[in-house]
Colleague: 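First the structure, which I've put down as structure tokens, then a few questions once you've had a look.
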2 protein chains.
Amino acid sequence: MAGMGDDHAGHDHVWADDLTKNQGLVLGTLAHSDGPLSAYDILDKLREDGLRAPLQVYRALDKLMERGLAHRLESLNAFVACADANCHRRGLIAFAICEDCGKVDEFADPLIDERLGVWAGARGFAVARTTMEIRGKCANCAAA
Amino acid sequence: MAGMGDDHAGHDHVWADDLTKNQGLVLGTLAHSDGPLSAYDILDKLREDGLRAPLQVYRALDKLMERGLAHRLESLNAFVACADANCHRRGLIAFAICEDCGKVDEFADPLIDERLGVWAGARGFAVARTTMEIRGKCANCAAA
DNA sequence: ACGTTACATGTAACTGTATTACATAGCGTT
DNA sequence: AACGCTATGTAATACAGTTACATGTAACGT
């Protein structure tokens, strides 16, 4: 790996141990960011680590999302690391996105999940995955 | 208006009567489609009606969405006409999207909406708008 | 009638997001 | 060594959305 001051893949990972180099770089970048990043944001931050093309980032993101280590925010075309370090989450995950400061709060609500199951059951709809994103102002920014 | 075989704005509108020409064209296109359309899909269908640039479509979509006559599906980068003809809906609107046939089912669930209100209230989060999209297979496609 | 304001429109160029196609490299198995 | 599998590298392209600027048009006040 090219010289770097901050080698995520080398020692900075407390996540899964079997990430590939690019997956480690991308997850490290997301984990250290205080807000969501677009794929191109990630790419820019990783140029000095040798990444050059969007596809390298998208490939890593796909794998990370498969494993639940990262999530995509559809309404932002951006990505975040999973807030649950060892990702024990199941079922629906929702995100509250502050439009002022950009912070994202990830949460799971079993009741909403169940309610969704009821709707789907009644319709015979087979749910594969659900995205739920709330836009607005976090408590901090609403106060200001 | 340039000659056209299918003048939505002229006679085809049962929606609001005060839509502009482009808004009428775009809403007509969405309403006649049996699935979601991207902005560029819409543009292609409206070239013969004189539209030439993406911006013309995006501008119309913005106005239609402001009025609740159209919705954006974030996970698809696509748009649909509101299923409720005169759009009496309030609060959270959810979409079930079939990944097989592409059909979209729009519904509102007050309980989910309320549950969301509880979460937001507890956190001091001021909700501006919520997007909820379920991906999976509709009853028809699940059967096949 | 004239200028002013407000809003809808038209056009081009551009930025940002994501995928396709093809080539290369590493590793475990046989 | 040859094979299959997965990860990588690179370029080119497709798709989505915005910025900047010019024009049209109808309502309003003077």
Side-chain angles (χ1 to χ4, degrees), chain A residues 1-2 8-10 13 16-30 35-67 69-80 102 131 133, chain B residues 1-2 4 7-10 13 16-30 35-67 69-80 102 131 133:
Chain A
M1 297 173 83
H8 304 309
H13 51 149
D17 242 358
D18 57 342
L19 296 176
T20 69
K21 176 189 143 198
N22 288 358
Q23 288 162 26
L25 288 167
V26 168
L27 184 52
T29 303
L30 284 177
L37 297 175
S38 77
Y40 282 77
D41 290 340
I42 296 170
L43 177 57
D44 286 340
K45 288 182 189 269
L46 290 176
R47 287 205 193 270
E48 59 179 25
D49 294 285
L51 292 220
R52 297 161 172 279
L55 186 53
Q56 299 176 286
V57 175
Y58 284 111
R59 285 202 274 229
L61 285 169
D62 284 345
K63 296 292 185 185
L64 293 171
M65 289 190 296
E66 255 176 34
R67 298 179 50 169
L69 298 171
H71 304 292
R72 178 190 177 90
L73 299 174
E74 301 284 359
S75 66
L76 292 177
N77 293 328
F79 304 85
V80 290
T131 89
E133 301 177 14
Chain B
M1 301 166 84
M4 54 184 78
D7 177 357
H8 304 308
H13 51 150
D17 241 359
D18 56 343
L19 295 176
T20 68
K21 177 191 141 197
N22 288 357
Q23 289 163 24
L25 289 168
V26 168
L27 183 52
T29 302
L30 284 176
L37 297 174
S38 77
Y40 282 75
D41 289 341
I42 296 170
L43 177 56
D44 286 339
K45 287 182 189 270
L46 289 176
R47 286 203 195 273
E48 60 179 26
D49 295 285
L51 292 219
R52 297 159 172 278
L55 186 52
Q56 297 175 288
V57 174
Y58 284 111
R59 283 202 276 229
L61 285 169
D62 284 345
K63 296 293 184 184
L64 293 171
M65 290 190 296
E66 254 176 36
R67 299 179 50 170
L69 298 171
H71 304 292
R72 177 189 178 90
L73 300 174
E74 302 283 359
S75 66
L76 254 32
N77 294 328
F79 305 83
V80 291
T131 88
E133 301 176 15

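By convention in this document, chain letters (A, B, ...) are assigned in the order of the sequence lines, proteins followed by strands, and residues within each chain are numbered from 1. Model, not experiment: these values are computed from the prediction.
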Colleague: dG10(C) phosphate, OP1 or OP2: any side-chain N/O from Q56(B) under 4.0 angstrom?
Modeller: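 Yes, within the criterion.
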Colleague: Check the phosphate of dA8(C) against T20(B), side-chain N and O only, distance under 4.0 Å to OP1 or OP2. Yes or no?
Modeller: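 No, because none of the side-chain N or O atoms of T20(B) sits under 4.0 Å from OP1 or OP2 of dA8(C).
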Colleague: CG of N22(A) versus P of dT8(D): gap in Å, rounded?
Modeller: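 Rounded to whole Å, this separation is 4 Å.
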Colleague: dA12(C) C1' sits how many Å from L55(B) CG, rounded?
Modeller: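 Result: 11 Å.
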Colleague: Could you give the CG-to-C1' distance, from L76(A) to dA16(D), as a whole number of Å?
Modeller: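 Atom CG in L76(A) sits about 15 Å away from atom C1' in dA16(D).
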Colleague: Establish whether the base of dG17(D) is bridged to the side chain of R59(B) by a donor-acceptor pair shorter than 3.5 Å.
Modeller: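 No, no donor-acceptor pair under 3.5 Å.
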Colleague: Let me know the distance between OH of Y58(A) and C1' of dC15(D), rounded to the nearest Å.
Modeller: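 It is 11 Å, rounded to the nearest whole Å.
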Colleague: Please report the distance, rounded to the nearest Å, between NZ in K21(A) and P in dT6(D).
Modeller: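 One finds 20 Å between P of dT6(D) and NZ of K21(A), rounded.
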Colleague: Would you mind reading off the distance between L43(B) atom CG and dA12(C) atom C1', rounded to a whole angstrom?
Modeller: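 Rounded to the whole Å, the gap is 14 Å.
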Colleague: Taking donor-acceptor contacts at under 3.5 Å, does the side chain of Y40(A) reach the base of dA18(C)?
Modeller: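 Such a pair is found, so the answer is yes.
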Colleague: Does a donor on one side chain sit under 3.5 Å from an acceptor on the other, for S75(B) and E133(B)?
Modeller: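 Indeed, the side chains of S75(B) and E133(B) share at least one donor-acceptor pair under 3.5 Å.
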Colleague: Could you go through L43(B) and R52(B), starting from their C-alpha distance and side-chain angles, then the distance that decides it, and tell me whether this counts as side chain to side chain contact (heavy atoms under 4.5 Å, CB included)?
Modeller: CA-CA 7 Å; L43(B) 177 56; R52(B) 297 159 172 278; 5.8 Å; no
